[in-house]
Amino acid sequence: MSDTRHCRVLIVGSGPAGYTAAVYAARAMLEPVLVQGIEPGGQLTITTDVENWPGDINVQGPELMQRMEAHARDVGTEIVTDHIATLELGARPFTAISDTGNRYSAEALILATGAKARWLGLESEDRFKGFGVSACATCDGFFYRGQEVAVVGGGNTAVEEALFLTNFAEKVTLVHRRDSLRAEKILQERLFRHPKIEVIWDHVVEEVLGAGTPPGVTGLRIKHARTGAERELPCTGAFIAIGHAPASELVAGQLELHNGGYVWVRPGTTETSLPGVFAAGDITDHVYRQAVTSAGMGCMAALDAERWLAAQSG
Ligand code: FAD
Ligand code: NAP
């Protein structure tokens, strides 16, 4: 793309929020353009079973996202494989520039860039990323057939990853910093009764241990959160599942953020602090962070954008 691509509504992000916004905006004849980003389909593409999407008792995450993409395309969304590197929101129309230099101008903008995995922040974790340290069991679990792995975290993601890893690993140890999980009760029950899973409570990871060329993980040095007692947990894979942070770096300094980087929206709407810019899904939601709530906010964003555009031209 050499010239600037002008659109009435530009949607950035292709998770449940982005695709739902696209369906509604396209059906409102706004001819939306949706930029997918480096993870087409968003976070659900790195999971397997989704059991809480209404209407599907069980659906695979990647399949659900393919269906959403097909739906958005079918009703007239232009879907672009590109990644936005810069957003210029100081003047209207807004400008988006991709990392390959493509330019988009937009009368209204819907931000649906979701969230990214959080890391522990240890130097040793960084050193072994891709060599035994992972944030995606669905992507990397297969490499640990017959081995011992650890999962760090206590939310839905950690419990689901631990359960999923039992398909490959000989033993899965969940390391959690407290003495209770925040995961849904139904998932906790599955975890506790699984014969391959052990839970180590009240422990934090101090260091990822490993050696060799290429490097490989041999264990974790973990510390009791209250007594400070340290021990080593042998494992060849460490899956970090301690939550996700909002992907709001594109708009930092341009839009009001709150609660540690989430885009602020006027309560009950998807209107950000800047007229014409709307936000939906995990980028703005520090409470629910579900596929269905993200999709709901995507719908709201398209409706909010449509009304705002109508008010501008009327
Ligand atoms: P995301 O799904 O995070 O998608 C963000 C999109 O933005 C991506 O397409 C990305 O490529 C794009 N993007 C980011 N930056 C840019 C950029 N600069 N330029 C262009 N595009 C960009 N929820 C449930 O309801 N049920 C479940 O069973 C469930 N399981 C989960 C399992 C795992 C392992 C994880 C991590 C989450 C799970 N969730 C589940 C939560 C759910 O996935 C999220 O709430 C939901 O995906 C958020 O949707 P979203 O559209 O806001 O953003
Ligand atoms: P989360 O709910 O925020 O849980 C993060 C977990 O990591 C918490 O247990 C937290 O401990 C722990 N943690 C955070 N920082 C840590 C650190 N520095 N060191 C050690 N432990 C740390 O994140 P999530 O599990 O990724 O879920 C994110 C959202 O997606 C949630 O809303 C969740 O419901 C949703 N989701 C839903 C499903 C599903 O519906 N089946 C599946 C996956 C995700 P504390 O408990 O002590 O705070």
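Just follow the structure's listing: the first ligand is 1, and inside any ligand the first atom is 1.
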Polar atom proximity, [X] to ligand 1 (N or O, under 3.5 Å):
X    : answer
E39  : yes
A17  : yes
N52  : yes
R289 : yes
T157 : no
Q290 : yes

Nearest non-hydrogen protein atom, [atom]:
atom                    : result
atom 3 (O) of ligand 2  : R289 NH2, 3.5 Å
atom 13 (N) of ligand 1 : T113 CG2, 3.9 Å
atom 47 (O) of ligand 1 : P16 CD, 3.6 Å
atom 41 (N) of ligand 2 : E160 OE2, 2.8 Å
atom 31 (C) of ligand 1 : L44 CD2, 4.0 Å
atom 44 (C) of ligand 1 : D282 OD2, 3.4 Å
atom 32 (O) of ligand 2 : Y288 O, 3.1 Å
atom 2 (O) of ligand 2  : R182 CD, 3.6 Å
atom 23 (N) of ligand 1 : A291 N, 3.4 Å
atom 37 (C) of ligand 2 : N156 ND2, 3.5 Å
atom 21 (N) of ligand 1 : G37 CA, 3.1 Å
atom 2 (O) of ligand 1  : Q43 N, 2.9 Å
atom 18 (N) of ligand 1 : I84 O, 2.9 Å
atom 47 (O) of ligand 2 : R178 NE, 2.6 Å
atom 23 (O) of ligand 2 : G243 CA, 3.3 Å
atom 33 (C) of ligand 2 : Q290 NE2, 3.5 Å

Using a strict 4.0 Å threshold on nitrogen-to-oxygen distance, state whether [X] and [Y] make a salt bridge.
X    : Y   : answer
E107 : R8  : yes
R67  : D56 : yes
R73  : E69 : yes

Report the member of [options] with the shortest heavy-atom distance to [atom].
atom                    : options                : answer
atom 43 (C) of ligand 2 : T157, N52, D179        : T157
atom 18 (N) of ligand 2 : L187, I242, L181, V204 : I242
atom 15 (N) of ligand 2 : R177, H203, R118       : R177

Applying a heavy-atom cut-off of 4.0 Å, say which part of [X] lies close to ligand 1: side chain, backbone, both or neither.
X    : answer
S294 : side chain
Q36  : backbone
L250 : side chain
A115 : backbone

Q: Compute the minimum heavy-atom distance from A112 to ligand 1 and say whether it is under 4.0 Å.
A: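 For ligand 1, residue contact (heavy atoms, under 4.0 Å) with A112 is present.
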(Q) Can you tell me if M297 contacts ligand 1 (heavy atom of the residue under 4.0 Å from the ligand)? (A)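 M297 does not count as a contact of ligand 1 under the 4.0 Å cut-off.
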**Q.** Centroid-centroid under 6.0 Å between F239 and Y144 rings
**A.** yes
Q: Please indicate whether any nitrogen or oxygen in G154 is less than 3.5 Å from any nitrogen or oxygen in ligand 2.
A: yes
Q: Mind checking whether T47 contacts ligand 2 via backbone (N, CA, C, O), side chain (CB onward), both or neither, at a 4.0 Å heavy-atom cut-off?
A: neither
Q.
Taking side-chain contact (heavy atoms from CB on, under 4.5 Å) as the criterion, tell me which of E189, R190, K185 meets it with L187.
A.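 Single side-chain contact (heavy atoms from CB on, under 4.5 Å) partner of L187 among E189, R190, K185: R190.
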